[in-house]
Amino acid sequence: DQQEDGGFAGSGYGGYADRTGPGAFNGGGFGNGPHEKGPEGLRLCPWERREEYGFLNALYLTSRDVLTGPGRFFQRMPTRVGLTQPLLFALILGVTAAFLGWIWSLAGSSLQSLLTADLGRAFKGPLWSFFAFVGSPLSITIDVFLRAGLMHLMLMLLGGNQLGFEATFRVAAYGKA
């Protein structure tokens, strides 16, 4: 049920066809209403307005925007609205990936158990994948903070840290898409 321009029907977010020019402040891009603007007048991404788009649609739209137009995405993003939403985005994608990795290892181990005489060795992979899945929220949180910290340190050394740590954290978290 996807529209020609990339958005989902009924989402109110038509993708890139409704964007004109650079689109940072002209009503295109991340919605059209004044309630959607952050403190600097920039647009909040669909993930940070899930109540408007719905959970899965906001996840899809944000991921698509990060992957297909990262320059536009990060240029429009407000930087003083908190770390919670970007971290939640990274956690949901990361835990989902860890879960799918565990399921994939289960499928592989069931096939491997038919070919090997050592069943203990065949099931070690899924066991480690399960532990990775269970520990993924903590490891993802640590990863995002470490990645943001290292990027911000490099930005400070090179003089590119004008927007502060939150902006760097948002790039690290949304970059998990």
| query | Just checking, Arg49 and Trp47: is the charged tip under 6.0 Å from the six-membered ring centre and within 45° of the axis? | reply | no

| Do Tyr174 and Leu88 belong together in a cluster built from hydrophobic side chains that touch within less than 4.5 Å? | yes

| Is any side-chain heavy atom of Ile140 closer than 4.5 Å to a side-chain heavy atom of Val95? | yes

| said: Grouping I, L, V, M, F, W and Y whenever their side-chain heavy atoms are under 4.5 Å apart, do Val134 and Ile142 come out in a common cluster? | reply: no

| said: Does any part of the side chain of Asp143, heavy atoms only, come nearer than 4.5 Å to the side chain of Lys176, both counted from C-beta? | reply: yes

| Would one find more than 12 heavy atoms of other residues, nucleotides or ligands at under 6.0 Å from atom CZ of Phe99? | no

| Is the closest side-chain heavy-atom distance between Phe55 and Ile92 below 4.5 Å? | yes

| message | On a heavy-atom basis, which atom in Phe89 and which in Ser63 lie closest, and how many Å separate them? | response | CZ-OG, 3.5 Å

| said: Grouping I, L, V, M, F, W and Y whenever their side-chain heavy atoms are under 4.5 Å apart, do Leu106 and Phe130 come out in a common cluster? | reply: yes

| request: Please report the C-alpha distance between Val171 and Met77 in whole Å, then the side-chain angles of each, then the deciding distance to 0.1 Å, and finally whether the side-chain contact (heavy atoms from CB on, under 4.5 Å) criterion is met. | output: CA-CA 10 Å; Val171 169; Met77 186 184 313; over 6 Å; no

| field | Least distance between heavy atoms, Pro70 atom then Leu67 atom | value | CD-O, 4.2 Å

| said: Donor-acceptor check, side chain of Ser129 to backbone of Ser105, threshold 3.5 angstrom: yes or no? | reply: no

| query | Between Ala58 and Pro46, which heavy-atom pair has the shortest distance, and what is it? | reply | CB-O, 3.3 Å

| field | Positive for ring-ring contact (aromatic ring centres under 6.0 Å, His included) with His152, one of Phe169, Phe165, Phe145 | value | Phe165

| Should the pair Trp128 and Phe131 be assigned to parallel (<30°), tilted (30 to 60°) or perpendicular (>60°) ring geometry? | perpendicular

| request: Measure from the side-chain N and O atoms of Glu166 to the backbone N and O of Gly82, and report whether any donor-acceptor pair falls under 3.5 Å. | output: yes

| Pairwise side-chain contact, Thr68 with Phe73, heavy-atom cut-off 4.5 Å (strictly under) | no

| Atom pair CZ (Arg50) and CG (Leu44), whose distance is rounded to the nearest 0.5 Å | 11.5 Å

| When the ring planes of Phe133 and Trp102 are compared, do they come out parallel, tilted or perpendicular, using 30° and 60° as the limits? | parallel

| field | For the student: nearest non-hydrogen atoms of Pro78 and Arg43, plus distance | value | CD-O, 3.2 Å

| query | Hey, does Leu93 have a side-chain heavy atom less than 4.5 Å from the side chain of Leu59? | reply | yes

| task | Please name the pair of heavy atoms, one in Leu91 and one in Pro137, separated by the smallest distance, quoted to 0.1 Å. | result | CD2-O, 3.4 Å

| CG-OG1 distance between Leu163 and Thr168, expressed to the nearest 0.5 angstrom | 8.0 Å

